[in-house]
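Worksheet: the structure to be examined is printed underneath.
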Amino acid sequence: MRKFFVFISIIAVLGIACLSSCSKSENGKVEFIPFQETVDGQWGMISMTGEVLFSEEFKTKPTVVKDGRFFVRKKNGGWEMYSSETKPKRIGAVEYAHVSGFNNGVALVSEKGKPVSIIDTDGKTLKVLDKLEGKIVDGVRPFKNGFAVFMTEDSLYGAINKNGDCIVKPQYCSLNDCGDGKFIGINDKYKKDVASQKKDKIKISVIDSDGDILFEINGGKYSDIGESYNNGLLAVSVKKDAKEVWGLIDDKGEIVVKPTDKIKGIGTISGDMFSYNNGEGWGLMNVKGETLIRAKYEYLYCDVDGSILALIKKNEGTIEYKYVNEKDEQIGEETYVRATVFSMFDGEHALVKPNDKIFSIINKEGKQLDGLPDIVDVSTYEGEDYVSSDYVDLKKMMQELNISETTLSDFSFKTSPKEAVTILVKAGQAIGNKSHPVGTPYWYDYTSNVGLSKKVAGVMVYTNVEFNDNLSRQTYRTKRVIDYTIGDYYWYHDDKIPTGYVWNKTSVRNLSLFIPNDGRMKGKLHDVFVTLCAKFKTFGKIVKENNGAACFNLKNGYKALVAMKKDNVVAFWGSGLKDFDQIDITEYENVSEDDDMSKISFGYLNRLFPDNVKDSELDTDSVAVVDSAAVDLAY
């Protein structure tokens, strides 16, 4: 189909280099990691010095141990906290909905049905993060270097310290985690310019840990920037002869390493050294521009105390790992199938995989520890990378959805096609280009629906308005063409010449609402279903129902259906529903919410400019606004 909707990320203005910090960790040491001694066995804990704390204890994979604590996910998706003892003891709340893992004595959690909180190692709540700077908190990313970035329900970012005090006000549409005492963000006042890719109008702010702006970078100055500062340095790139070249700036925005043809990419930074790519491979360079290791590796990761993890491509699809120093001298004698950096754990030990069957632990000299048990699988998972609030105010949700016999959110049965698309344009969810501007009827001659995604009371919902005809149509003028003549007679045909597109005069057939059990909605679908049914009871009378669906005759003559499935709740109402004697609702009876752990989100790590983000192009036929089974029943 030639037409489609585009949903544009507000942070996809530039690309981003996958840059990682490589200084000694300020985020606490990993004391034990989960391991299995047999395939499909239960999980135990082993330290990076080879001490087995316990074995064959948990069926599900725990998080690593930090500050003497770890978390284990239950079958229903919730978390429990345990002490790191030979016989682990459960501590804290009965169950947590989301957890970050501990970081220097504190962790971010949300209990079932509650906002995000900061807790100590005893499970004591130090601060409830329900509101910050007068704004409701949607969720918080884990503490990094003593600070955590939070997001409000209206999608603004700020940052807190470990006490929960707001140190960067929520006024940014994007904000990276703290690196080297600094944040990188874009103020919300540039949101429209970000969405429209007007880089020259955007200012990228470098913010210190007091929330003060150190300096700003014009969005058009660099084609790409790094995730965060490290050792006072930040990687940046510019276009030179249509090719991207890289350099480094300091914490005043001054050039330290001038972007040059020799540097096609920058990886990790350690002290005055950094890994670089010359277009053919990865090597090591210092800030003086001196090459320390020739660019011959598949990748180089600078680690603590001058150690470097090197990746070597042996053949197509095969990578080997080894450790070297800045002189390219190998540390130890072995190469590995897989390997980690030392800074991932205690700075003194690394996890390696000598072959496809077993894991091992090495010290800084590259020697494997003696007396290790069989380790067939391990985990380095520390917790969720976005701790979402688990509190949902259903009363507020219903108010913000503006549900009535004739309305749903911004739509109503009086909404015209042009008005519906205008709503889509204001939400930044309509497509356009230079030839056919955003929101013009050119884009809508093939569809009778307008779907809108929006956050309501901190929950993503999908609303839809369906018309009786397509929203627009193509217009024509007639041109008579003489085919041939004989005497006084002639033969002709009329050609239709396209002249443009206009909105159709068509009325709304149905309004519909789709609420999936994503994020904080997990476990709350039945409450939503009951709340929606109670709402529609005020508009009319129930004609048929079971414990998973209800059909209503509304006072204004319309029909309505509310139904719950394993992973969503839908409601739609209007003149387009079938007669209720033709609707079979038995499939919704005794339905229970899906507890499949694979569908539980582990959150996300927001970046200023995500890797390879492109405008998603969705044909409207595939936009999920209502459950297909429910539609089949209703229409």
Side-chain angles (χ1 to χ4, degrees), residues 29-66 68-92 94-102 107 109 317-321 334-341 344-346 349-362 368-385 517 522-523 566-567 592-604:
K29 291 183 178 180
V30 173
E31 297 154 9
F32 295 90
I33 61 172
F35 80 107
Q36 286 177 308
E37 295 184 72
T38 58
V39 177
D40 298 326
Q42 299 197 130
W43 291 86
M45 285 286 183
I46 188 171
S47 75
M48 294 307 293
T49 57
E51 172 197 354
V52 175
L53 184 64
F54 56 80
S55 61
E56 301 287 339
E57 184 69 27
F58 293 97
K59 289 183 179 180
T60 56
K61 189 185 302 182
T63 66
V64 300
V65 175
K66 279 189 171 184
R69 300 291 182 265
F70 64 96
F71 294 89
V72 179
R73 195 188 277 283
K74 298 170 65 177
K75 184 178 179 181
N76 67 356
W79 295 89
E80 292 177 332
M81 181 170 72
Y82 288 88
S83 61
S84 57
E85 304 176 65
T86 54
K87 293 185 178 180
K89 296 177 183 177
R90 192 169 61 76
I91 301 172
V94 174
E95 184 176 325
Y96 298 102
H98 302 284
V99 299
S100 71
F102 275 89
V109 300
T318 302
I319 299 290
E320 282 187 356
Y321 297 73
E334 303 292 330
T335 59
Y336 306 99
V337 174
R338 296 287 299 276
T340 69
V341 290
M344 180 177 285
F345 306 106
D346 58 2
H349 298 86
L351 186 67
V352 297
K353 197 172 184 182
N355 54 59
D356 289 328
K357 296 181 179 180
I358 206 80
F359 288 88
S360 188
I361 299 171
I362 63 170
Q368 294 188 42
L369 303 189
D370 295 327
L372 294 175
D374 290 340
I375 306 175
V376 300
D377 200 4
V378 295
S379 173
T380 59
Y381 183 60
E382 295 190 20
E384 297 173 88
D385 52 22
N517 66 338
K522 188 71 181 175
K566 287 186 175 183
D567 55 4
S592 59
E593 186 171 345
D594 193 349
D595 61 359
D596 182 0
M597 285 178 58
S598 66
K599 294 184 178 180
I600 297 172
S601 171
F602 280 79
Y604 64 87

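Along the sequence shown, residues carry numbers from 1.
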Gap between atom CD of E80 and atom OH of Y96 - 0.5 Å precision: 10.0 Å

Assess the pair F32 and F54: is the distance between their ring centroids shorter than 6.0 Å? no

Between N355 and K357, which heavy-atom pair has the shortest distance, and what is it? OD1-N, 2.8 Å

Interatomic distance, H349 atom NE2 to T340 atom OG1 [nearest 0.5 angstrom]: 11.5 Å

For the pair Y381 (side chain) and E384 (backbone), establish whether a donor and an acceptor sit closer than 3.5 Å, ignoring hydrogens and angles. yes

If you round to the nearest 0.5 Å, how far is NZ of K59 from NZ of K74? 14.0 Å

Closest non-hydrogen atom pair between F70 and P88, with its separation: CZ-CB, 4.0 Å

Roughly how far, to the nearest 0.5 Å, is the CD1 atom of I91 from the CZ atom of R69? 3.5 Å

Search all heavy atoms of P354 against all heavy atoms of V337 and return the closest pair with its distance. O-CG2, 3.9 Å

Ignoring hydrogens, what is the shortest heavy-atom contact between L369 and G50? Give both atom names and the distance. CD1-N, 4.0 Å

Min side-chain heavy-atom separation T63-E382 under 4.5 Å: no

P34 and V64, any side-chain heavy atoms less than 4.5 Å apart: yes

How close do E320 and T335 get, heavy atom to heavy atom, and via which atoms? OE1-OG1, 3.6 Å

Take K353 and S360 through the test side-chain contact (heavy atoms from CB on, under 4.5 Å) and record every step on the way to the result. CA-CA 6 Å; K353 197 172 184 182; S360 188; over 6 Å; no

If we only count heavy atoms from C-beta on, is the E37 to S55 side-chain gap below 4.5 Å? yes

Give a yes or no on whether the backbone of G68 and the side-chain of E31 come within a donor-acceptor separation of less than 3.5 Å. yes

Between D567 and E593, is any pair of side-chain heavy atoms under 4.5 Å apart? no

Does the side chain of V30 come within less than 4.5 Å of K66's, by heavy atoms? yes

Is the distance between the ring centroids of Y321 and Y336 under 6.0 Å? no

Short question: side chain of Q368, backbone of I361 - any donor-acceptor pair under 3.5 Å? no

CG of N517 to NZ of K566, rounded to nearest 0.5 Å, is 11.5 Å

Evaluate D377 against F35 for side-chain contact (heavy atoms from CB on, under 4.5 Å), listing each step before the verdict. CA-CA 6 Å; D377 200 4; F35 80 107; over 6 Å; no

Could you pull out every donor-acceptor pair under 3.5 Å between side chains of residues 38-45 and any protein atom, sequence neighbours left out?
residue : atom : partner : partner atom : Å
Q42     : NE2  : E56     : O            : 3.1

Contact check, side chains of Y82 and K89, non-hydrogen atoms, under 4.5 Å: no

Hey, what's the ring geometry for F102 with F71, parallel, tilted or perpendicular (30° and 60° as the breaks)? parallel

Can you tell me how far apart CZ (R90) and CD (E95) are? Round to the nearest 0.5 Å. 9.5 Å

Reference residue L351; test side-chain contact (heavy atoms from CB on, under 4.5 Å); the match among I362, I33, V341: I33

With no hydrogens and no angle check, just 3.5 Å: does a side-chain donor-acceptor pair link T49 and E51? no

How close do R73 and T60 get, counting heavy atoms only, and between which atoms? O-OG1, 2.7 Å

